[in-house]
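This one's a predicted model, so the numbers in the text were calculated from it and none came from an experiment.
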Amino acid sequence: MEQKLSSSKLESIATQSLKTEILAGITTFIASVYIIMTNALILSDADISPDAAMIATVLTCTISTILMGVISDAPLILVPGMGINSLFTYTIVQSMGLSWQEGLAAVLVSGIIFTLIASTKLTTILMNSIPNNLKHAITTGVGFLILFIGLQKSGLVVGNENTMIGIGNIADKETLLSIITLIIILILNMKNVPGNLLISIIIGTVLSLIMGVTSLSSLDFAGFNIRAIKEVFLGMSFKNIWSIPFMVAVFSITIVIVFENMGILYGQLGALKREEDFQKSFKVTGISNIIAGICGTSPTIVAAENFSGISVGGKGKVAAFTSATLFLLSLFLIPVLKLIPDGVISSVLIFIGILMIQTFFDLEKGDLIETISIILMITIIPFTYNIVNGISIGFIVYTILNLVINKGKNVSLAMYVLSGLFILNFVMSTVMGTIH
């Protein structure tokens with residue numbers, strides 16, 4: 001009898017654990033589903049069709065998340081990064097002049113390099129070599145860039161002949177919709193409502209129908225082209241692989257995805273009390289970027305939204321498999337997702353930017369050299385629309401100033417190497433006329 005009770009109790013615990021894992025997977029998916037639409041909006045500026053971008057995003061998220069569950073047994077999803085897709089579109093394609101096909105090839109090569117780094121002791125060396133304040137400054141700078149992009153796409157900020165930028169027409173229907181949606185996002189977030197971004201997007205889309213910004217007549221399941229994936233799947237172009245711009249693109253993407261994934265992943269595994277699994281999970285993030293290049297989307301990161309699933313008890317692969325399944329099923333909802341107007345998505349970008357900028361308050365009081373480097377990174381990233389420019393200048397200034405005042409011993413060997421590579425990056429880019 002005692003054995004039966006014990007067995008029954010174990011079964012009950014297992015059932016409860018399974019329910020918790022499934023709930024965690026659903027929670028993480030709901031918190032991150034906006035990425036499908038937002039990523040497509042940004043990639044469309046690189047001339048990738050929205051249909052192709054959405055399908056590629058879904059496939060990449062699904063396959064990568066399944067791999068994370070199988071290899072690392074962690075409740076973590078991988079998605080195209082909201083800062084890195086800006087790097088892909090506005091720096092690699094628009095600023096450096098590569099085609100999106102060449103950009104995808106750069107993503108693939110970067111993913112291979114990332115995976116090799118993640119398979120060696122270089123991971124630990126890099127983690128310990130860069131001052132924490134500089135790492136936080138990168139996230140803050142990218143946050144300002146995403147905020148700026150959101151403000152532009154919402155119409156709240158527009159071009160101005162005299163001051164370069166100025167306030168837009170708040171009375172414009174789509175701009176007004178962005179403001180209202182942003183207010184809803186902020187209220188639901190402050191009230192800690194689960195799935196607040198998804199709920200806000202739904203409310204914003206309903207409002208867009210009421211305000212006449214969008215119309216149900218545009219809902220067309222027959223018009224959605226699932227075959228659009230052919231445009232981007234294996235769409236990489238390696239014809240200019242030995243050109244300076246391509247090599248600069250690979251270097252730029254690699255630097256950003258390695259350090260951004262490193263920071264986010266370590267924090268999430270810390271929340272799970274599984275720091276010892278870092279290398280295994282880190283390797284999966286590298287493989288995920290190879291998958292992104294093959295499927296046809298921008299580089300991936302471990303989603304910040306994983307914290308939502310962890311907070312409700314997600315611990316292992318069942319949560320990851322649940323999220324992956326829901327991502328795959330979302331393919332059938334893409335015609336509905338396309339109803340969501342840019343005005344609503346731009347408010348999400350503004351909010352994401354605000355969240356990332358909060359990293360600024362994690363900065364510790366450092367010396368004047370760190371302060372100068374941080375300020376340069378945070379301002380140059382949004383002002384030049386270029387993440388790599390900001391990181392490069394911050395690292396170079398930090399290294400050179402320490403050398404000038406005879407504090408070179410404070411700078412790690414890896415920082416010297418990275419700064420040298422960034423200087424070489426600037427020289428090659430200037431020669432090729434790729435810095436604008």
Side-chain angles (χ1 to χ4, degrees), residues 21-44 50-66 68-69 75-85 146 150 181-182 184-185 188-189 192-208 214 219 221 224 226 229 264 288 292 295 297-298 300-312 314 319-352 355:
E21 288 291 306
I22 292 172
L23 176 61
I26 293 171
T27 302
T28 303
F29 170 77
I30 289 173
S32 57
V33 68
Y34 73 90
I35 288 167
I36 299 171
M37 302 82 76
T38 310
N39 195 48
L41 176 67
I42 291 177
L43 292 185
S44 66
D51 281 1
M54 283 187 178
I55 300 167
T57 299
V58 167
L59 292 179
T60 300
C61 293
T62 302
I63 299 167
S64 301
T65 301
I66 289 172
M68 181 63 83
L76 308 177
I77 67 168
L78 293 122
V79 299
M82 289 298 101
I84 308 171
N85 54 13
I146 292 174
T181 306
L182 179 61
I184 294 168
I185 291 173
L188 294 183
N189 181 261
N192 295 314
V193 176
N196 54 78
L197 276 179
L198 180 62
I199 293 169
S200 302
I201 289 170
I202 292 170
I203 294 172
T205 304
V206 171
L207 284 173
S208 76
T214 54
L219 180 62
F221 282 88
F224 171 64
I226 192 74
I229 188 61
I264 297 173
S288 174
C295 288
T297 188
S298 51
T300 58
I301 61 168
V302 180
E305 290 77 12
N306 284 317
F307 281 113
S308 63
I310 293 170
S311 68
V312 298
F321 293 160
T322 302
S323 297
T325 302
L326 291 172
F327 266 116
L328 189 60
L329 291 174
S330 68
L331 271 177
F332 302 102
L333 292 176
I334 284 180
V336 176
L337 298 179
K338 287 170 70 177
L339 268 181
I340 302 168
D342 289 354
V344 170
I345 296 174
S346 63
S347 64
V348 175
L349 287 173
I350 293 169
F351 178 67
I352 292 168
L355 290 183

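Rounding to the nearest 0.5 Å gives a distance of 9.5 Å between CG of D342 and CG of L349. In this structure, L59 CG and C295 SG are separated by 5.0 Å, a value rounded to the nearest 0.5 Å. Distance check: I184 CD1 to I199 CD1 gives 11.0 Å after rounding to the nearest 0.5 Å. For the atom pair OG1 of T62 and CG of L328, the computed distance is 5.0 Å after rounding to the nearest 0.5 Å. Rounded to the nearest 0.5 Å, atoms CG (L76) and CE (M68) are 5.0 Å apart. If you take SG on C61 and CD1 on I35, they are separated by 6.5 Å, rounding to the nearest 0.5 Å.
In this structure, the side chains of V79 and T300 stay at 4.5 Å or more apart for every pair of heavy atoms. Within the 4.5 Å cutoff, the side chain of T297 has heavy atoms near those of the L43 side chain. Residues S330 and I36 are in side-chain contact: their nearest non-hydrogen atoms beyond the backbone lie under 4.5 Å apart. Side chains of T181 and I203 form no contact here, defined as non-hydrogen atoms less than 4.5 Å apart.
By the side chain to side chain donor-acceptor pair (under 3.5 Å) test, S346 is found to be paired with S178, residues two or more places apart in sequence or in another chain being considered. Contacts of F351 classified as side chain to side chain contact (heavy atoms under 4.5 Å, CB included), with partners at least two apart in sequence or in another chain: L182, I185, L186, N189, L197, L355. Residues that satisfy the side chain to side chain donor-acceptor pair (under 3.5 Å) test with T57, not counting sequence neighbours, are N39. With sequence neighbours left out, the side chain to side chain contact (heavy atoms under 4.5 Å, CB included) criterion links P341 to E174, L177, T205, S208, V213, T214, V344. Every residue two or more places apart in sequence or in another chain that forms a side chain to side chain contact (heavy atoms under 4.5 Å, CB included) with A40 is listed here: A53, M54. Remark: T60 pairs with no residue by the side chain to side chain donor-acceptor pair (under 3.5 Å) rule, at least two apart or across chains. By the side chain to side chain donor-acceptor pair (under 3.5 Å) test, S32 pairs with no residue at all, sequence neighbours left out. Remark: F327 pairs with F29 by the ring-ring contact (aromatic ring centres under 6.0 Å, His included) rule, at least two apart or across chains.
Side-chain N/O atoms of T65 and S323 include no donor and acceptor closer than 3.5 Å.
Of all the heavy atoms in N85 and S298, the pair that sits closest is CB-OG, 3.3 Å. Closest approach of A324 to I66, counting heavy atoms only: CB-CG1, 3.6 Å.
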Fill in: Audit row: I55, L331, side chain to side chain contact (heavy atoms under 4.5 Å, CB included) steps and yes/no
CA-CA 7 Å; I55 300 167; L331 271 177; 4.0 Å; yes
